[in-house]
Amino acid sequence: MGMSNNSYRPLWLKGGLLYAKALKESGYSPVEVGLGERDFYVDVESETSITMSEAEKLIEKVRPEGNVDVRVNAEVSPSTEVPSHFKILNISVHHPDPNRQLVRIRGVAFSSEEQLKDYLSWLEKVSEIDHRILGEKLDLFSFHEESGPGLVLYHPKGQIIRNELMNFMREVNSSMGYNEVYTTHVYRSELWKISGHYDLYKDKMLIFNHEDDELGIKPMNCPAHILIYKSKSRSYKELPIKFSEFGHVYRWENKGELYGLLRVRGFVQDDGHVFLMEDQLEQEVKLLVSKTLDVLSMFGFSKDNVKIYLSTRPDESIGTDEQWEKATSSLENALKSLKQPYEVKEKDGAFYGPKLDFEIKDSLGRSWQLSTIQVDFNLPERFKLEYVDRDGEKRRPVMVHRAIFGSIDRFLAILLENFRGKMPTWLSPVQVRVIPIISEIQDYAMKVMQEFLKQGIRVDLDDSSETLSKRIKGSYDEGVPYIVIVGKREASESKVTLRGRNNVEIRGIPLESAVSEIKGEISRRDVNQTALERLRS
RNA sequence: GCCGCUGUAGCUCAGCCCGGUAGAGCGCUGGCCUCGUAAGCCAGUGGUCGCGGGUCCGAACCCCGCCGGCGGCUCCA
């Protein structure tokens with residue numbers, strides 16, 4: 001079964017409709033049938049919940065004919081084929097308004113038992129690549145009841161991946177002229193009152209009183225960067241001024257909204273702010289868009305898998321018509337000059353300015369919004385930002401907020417799922433594992449390890465007294481990209497046997513070639529195992 | 001935050017319906033095997049059954065509250 005379920009959607013919808021009809025005939029009140037990513041759903045108006053066994057029993061009452069009067073929420077038409085094999089996956093309850101309760105029954109429908117079985121085992125496989133499961137299995141991070149929901153602790157291996165991601169982003173940022181800053185986590189409420197977060201965002205902020213001050217933990221980094229901008233007078237010659245920061249922010253999301261690393265209460269953004277003149281906007285955005293696309297492609301998200309949305313002025317907004325017009329066309333022109341297709345989301349911009357959002361499609365066909373480029377007229381106004389122009393007059397700069405990963409935490413989760421835990425070598429916590437076949441090879445194994453270490457490659461040694469098979473399996477399970485096997489043969493010839501992913505193995509590689517090819521793969525930050533490919537040819 | 005479901009060893013789970021104070025596999029520790037390619041064999045270790053209260057002679061099991069997790073709603077990086 002492929003990773004895309006699109007071909008089943010018409011059949012599921014048909015199944016959902018037939019199931020809704022069976023519900024109706026059994027005295028329930030189905031009101032809507034729709035499609036989820038991996039299933040159909042039927043919303044039933046009901047004051048009580050419906051149990052799994054009740055829902056399953058109704059499957060027997062499904063008849064291949066007839067219609068039912070419900071709202072349909074799907075982008076496809078139901079198939080003319082009639083499914084015969086159903087499975088109820090999940091039942092949940094929600095309230096569209098306080099006086100109404102809808103029970104949502106999720107299920108799938110297929111025309112053969114085999115299809116259904118295949119699909120269920122696929123679903124099971126998919127659940128194994130859930131980043132929450134992988135994170136635990138690979139010993140990357142954990143959550144604890146004692147620390148609090150939505151607050152993650154990274155283990156040594158998780159932190160290696162985060163550091164790699166941040167180092168990479170440091171290079172990207174500096175190539176665009178950003179200067180990295182560090183700003184504290186706690187600020188007087190005064191700052192949040194000026195920025196407007198206090199009024200707009202207060203319920204999501206952590207605010208506390210201490211001594212005579214009221215203080216708040218930052219939910220965003222921009223006000224801090226603004227203070228740095230304001231620390232001295234700025235000339236038009238300096239603009240654009242660009243600050244970047246791996247800013248650790250806290251947003252007290254509602255408990256029900258938390259979801260592994262994809263939705264946490266404390267996370268790190270690869271944040272950046274640009275202070276510039278309006279006529280520098282287009283140029284800057286162009287740079288950002290092309291860099292962003294470059295970065296995403298480094299992780300295998302090619303142009304075809306990236307969608308850009310341009311959000312325009314909403315009804316409620318600040319700033320002049322002229323400013324909006326200018327900013328929006330700057331964004332648009334940047335995209336056009338890069339020949340980059342995009343979609344417009346009318347009136348979906350922030351109240352303070354238009355924005356571009358980047359959405360990627362992962363290898364499971366799911367979409368994630370990652371990068372964002374937002375123009376802001378509001379904060380420069382609120383903080384009365386200025387620069388001295390050529391004519392000596394003080395003028396107000398425009399600000400751009402931008403993040404490419406978005407959140408390091410979230411990006412890590414998406415990568416984990418996208419690569420099913422088998423991260424590219426440069427991101428792998430252990431890049432090479434040396435396995436000596438028998439203990440007499442110990443000395444050579446140590447020498448091999450040293451050679452990798454000298455090149456800064458993360459290598460370890462598994463000389464435990466387990467069988468070769470077991471140690472190889474263990475390495476695969478941990479997602480180690482390269483296994484170097486050494487036995488008597490290799491030791492006598494200064495060679496190694498190299499094992500990559502997918503059971504690919506090459507014997508008799510000179511040690512130096514293995515080291516240098518793997519080093520090359522890592523420093524190029526290749527997504528695929530190019531060292532293996534090169535050594536094989 | 002709201003609604004539903006759920007919580008047993010480090011992990012995955014059985015036992016709960018029909019109350020008599022816990023069991024498997026993996027892991028971990030030790031031993032055997034000195035081994036050439038995705039789980040070798042044997043033994044041992046491991047749990048205030050999420051927390052608190054109630055019912056009962058007796059609670060993992062029944063009831064209530066709280067906390068965490070999951071699935072939705074809403075929201076978002």
Side-chain angles (χ1 to χ4, degrees), chain A residues 36 39 41 43 46-53 89-98 100-106 127-128 130 132-133 136-137 139 142-151 201 203-204 219-221 247 249-271 357-358 368-372 374 401-414 435-442 463-478 480 483 485-490 497-499 501-505 507:
Chain A
D39 46 29
Y41 69 83
D43 277 349
S46 166
E47 293 194 0
T48 58
S49 182
I50 297 172
T51 65
M52 205 66 171
S53 54
L89 296 172
N90 166 275
I91 294 174
S92 60
V93 179
H94 65 275
H95 300 257
D97 61 72
R100 273 181 86 205
Q101 172 169 295
L102 294 178
V103 177
R104 177 164 290 186
I105 304 173
R106 286 177 175 272
S127 76
E128 282 167 19
D130 185 310
R132 294 166 299 184
I133 312 279
E136 181 181 306
K137 221 173 79 183
D139 194 15
S142 54
F143 292 90
H144 300 263
E145 186 170 346
E146 302 91 320
S147 57
L151 298 166
Y201 217 76
D203 57 330
K204 291 211 161 176
M220 292 180 184
N221 305 299
V249 296
Y250 289 84
R251 300 178 185 176
W252 221 246
E253 306 292 351
N254 285 329
K255 248 187 76 189
E257 294 168 350
L258 302 174
Y259 181 70
L261 285 183
L262 290 169
R263 200 75 190 279
V264 287
R265 281 175 168 168
F267 61 99
V268 173
Q269 296 176 305
D270 62 319
D271 209 356
D357 291 316
F358 292 66
W368 302 99
Q369 201 222 288
L370 300 174
S371 322
T372 180
Q374 308 186 357
H401 308 250
R402 46 112 279 180
I404 296 179
F405 290 151
S407 139
I408 308 288
D409 310 72
R410 184 183 200 182
F411 195 71
L412 168 57
I414 291 166
I435 303 184
I437 294 173
I438 47 167
S439 51
E440 285 102 85
I441 305 302
Q442 189 66 239
D463 59 355
S464 60
S465 62
E466 291 295 346
T467 56
L468 184 56
S469 289
K470 191 165 184 181
R471 286 180 286 165
I472 289 173
K473 170 140 190 357
S475 307
Y476 273 120
D477 287 347
E478 282 177 54
V480 175
I483 304 169
I485 299 170
V486 291
K488 283 181 187 155
R489 278 207 288 279
E490 287 82 357
T497 288
L498 189 63
R499 221 168 208 284
R501 286 178 173 146
N502 302 317
N503 215 14
V504 179
E505 179 181 280
R507 301 189 183 201

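Per chain, numbering begins at 1; letters A, B, ... match sequence-line order.
Using a 4.0 Å heavy-atom cutoff across all strands shown, A/Glu128 reaches no nucleic acid atom at all. Among the heavy atoms of the strands, none lies under 4.0 Å from A/Ser475.
The separation between A/Ile472 atom CD1 and B/rA39 atom P is 9 Å, rounded to whole Å. Nucleotide B/rA39 holds its C1' atom 14 Å from the NZ atom of A/Lys137, rounded to whole Å. A/Leu102 places its CG atom 10 Å from the C1' atom of B/rC73, with the value rounded to the nearest Å. One atom, CD1 of A/Ile414, and another, P of B/rA77, lie 13 Å apart when rounded to the nearest Å. Here the P atom of nucleotide B/rC73 and the CG atom of A/Leu258 are 15 Å apart, to the nearest Å. Atom CZ of A/Arg251 and atom P of B/rC75 are 16 Å apart (whole Å). Following rounding to the nearest Å, A/Leu262 (CG) and B/rG71 (P) show an atom-to-atom distance of 11 Å. In this structure, CZ of A/Arg489 is placed 11 Å from C1' of B/rU37, rounded to the nearest angstrom.
Rounded to the nearest Å, the gap between the C1' atom of B/rU12 and that of B/rG31 is 27 Å. Taking atom P in both B/rG54 and B/rC13, the straight-line distance is 32 Å, to the nearest Å. The C1' atoms of B/rC49 and B/rA60 are separated by 5 Å, rounded to the nearest whole Å. Across B/rC42 and B/rG47, the matching P atoms stand 24 Å from one another, rounded to whole Å. Comparing the C1' positions of B/rU74 and B/rG4 gives an interatomic distance of 16 Å, to the nearest angstrom.
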Could you run through nucleotides 44-49 of chain B and give me one letter per nucleotide, 5' to 3': B if any protein heavy atom sits under 4.0 Å from the base, S if only the sugar-phosphate is that close, - if neither?
-> ------
Would you mind building the protein contact string for nucleotides 1-7 of chain B? One character per nucleotide, 5' to 3', B for base within reach (heavy atoms under 4.0 Å), S for sugar-phosphate only, - for untouched.
-> BBBS---
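A sub-4.0 Å separation between OP1 or OP2 of B/rC73 and a side-chain N or O of A/Arg104 is present. Look at A/Arg106 and you won't find any side-chain N or O under 4.0 angstrom from OP1 or OP2 of B/rC70.
For A/Ile437, the side-chain contact (heavy atoms from CB on, under 4.5 Å) partners at least two apart in sequence or on another chain are A/Leu468, A/Ile485. Annotation: side-chain hydrogen bond (donor to acceptor under 3.5 Å, both in side chains) contacts of A/Ser142 (sequence neighbours excluded): A/His144, A/His155. Here A/Tyr250 pairs with A/His248 under the ring-ring contact (aromatic ring centres under 6.0 Å, His included) rule; sequence neighbours left out. For A/Asp270, the side-chain contact (heavy atoms from CB on, under 4.5 Å) partners are A/Met169, A/Phe246, A/Arg402, A/Ala403, A/Ile404, A/Phe405, A/Ile408, not counting sequence neighbours. Partners of A/Asp139 by side-chain hydrogen bond (donor to acceptor under 3.5 Å, both in side chains), not counting sequence neighbours: none found. Residues meeting the side-chain hydrogen bond (donor to acceptor under 3.5 Å, both in side chains) test with A/Arg263, sequence neighbours left out: A/Glu253. Applying the side-chain hydrogen bond (donor to acceptor under 3.5 Å, both in side chains) criterion to A/Arg265, with sequence neighbours excluded, gives no partner residue. Under the side-chain contact (heavy atoms from CB on, under 4.5 Å) criterion, A/Arg507 pairs with A/Arg489, A/Thr497, A/Glu505, not counting sequence neighbours. The side-chain contact (heavy atoms from CB on, under 4.5 Å) check on A/Asp39 picks up A/Leu89, A/Arg106, A/Val108, with sequence neighbours excluded.
Nucleotide B/rC73 is matched to B/rG1 when pairs are restricted to Watson-Crick or G-U wobble geometry with both distances under 3.5 angstrom. A 3.5 Å limit on both hydrogen-bonding distances identifies B/rC67 as the Watson-Crick or G-U partner of B/rG7. When Watson-Crick and G-U wobble pairs are counted only if both distances are under 3.5 Å, B/rG46 pairs with no nucleotide at all. The base-pairing partner of B/rG23, taking Watson-Crick or G-U wobble contacts with both distances under 3.5 Å, is B/rC13. Under the Watson-Crick or G-U wobble criterion, with both distances below 3.5 Å, B/rG40 is paired with B/rC32.
Here B/rG71 is the nucleotide among B/rG71, B/rC75, B/rA77 with the atom lying nearest to any side-chain atom of A/Tyr259.
Residue side chain A/Glu136 does not reach the base of B/rG10 through any donor-acceptor N/O pair under 3.5 Å, judged by distance alone. Residue A/Arg263 places a side-chain atom within donor-acceptor reach of the base of B/rC75, judged by atom type and a 3.5 Å distance cut-off alone.
Side-chain contact between A/Phe143 and A/Leu151: absent, with no pair of heavy atoms (C-beta onward) separated by less than 4.5 Å. Looking only at side-chain heavy atoms (C-beta outward), A/Asp463 and A/Ile441 stay at 4.5 Å or farther from each other.
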Please list each protein N or O that sits under 3.5 Å from an N or O in nucleotides 25-35 of chain B, with the distance.
| from | atom 1 | to | atom 2 | distance (Å) |
| --- | --- | --- | --- | --- |
| B/rG27 | OP1 | A/Lys470 | NZ | 3.4 |

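Comparing A/Arg499 and A/Gln269 along RNA chain B, the residue whose closest nucleotide (by nearest heavy atom) sits nearer the 5' end is A/Arg499. Residue order along RNA chain B, read from the 5' end via each residue's closest nucleotide, puts A/Asp477 first among A/Arg132 and A/Asp477.
Side-chain contact, A/Gln374 with A/Thr372: a donor N or O sits under 3.5 Å from an acceptor N or O.
Put simply, the side chain of A/Arg410 never gets that close to the backbone of A/Leu370: no donor and acceptor are under 3.5 Å apart. The main-chain N or O of A/Ser475 is never found under 3.5 Å from a side-chain atom of A/Glu478 such that the two would form a donor-acceptor pair.
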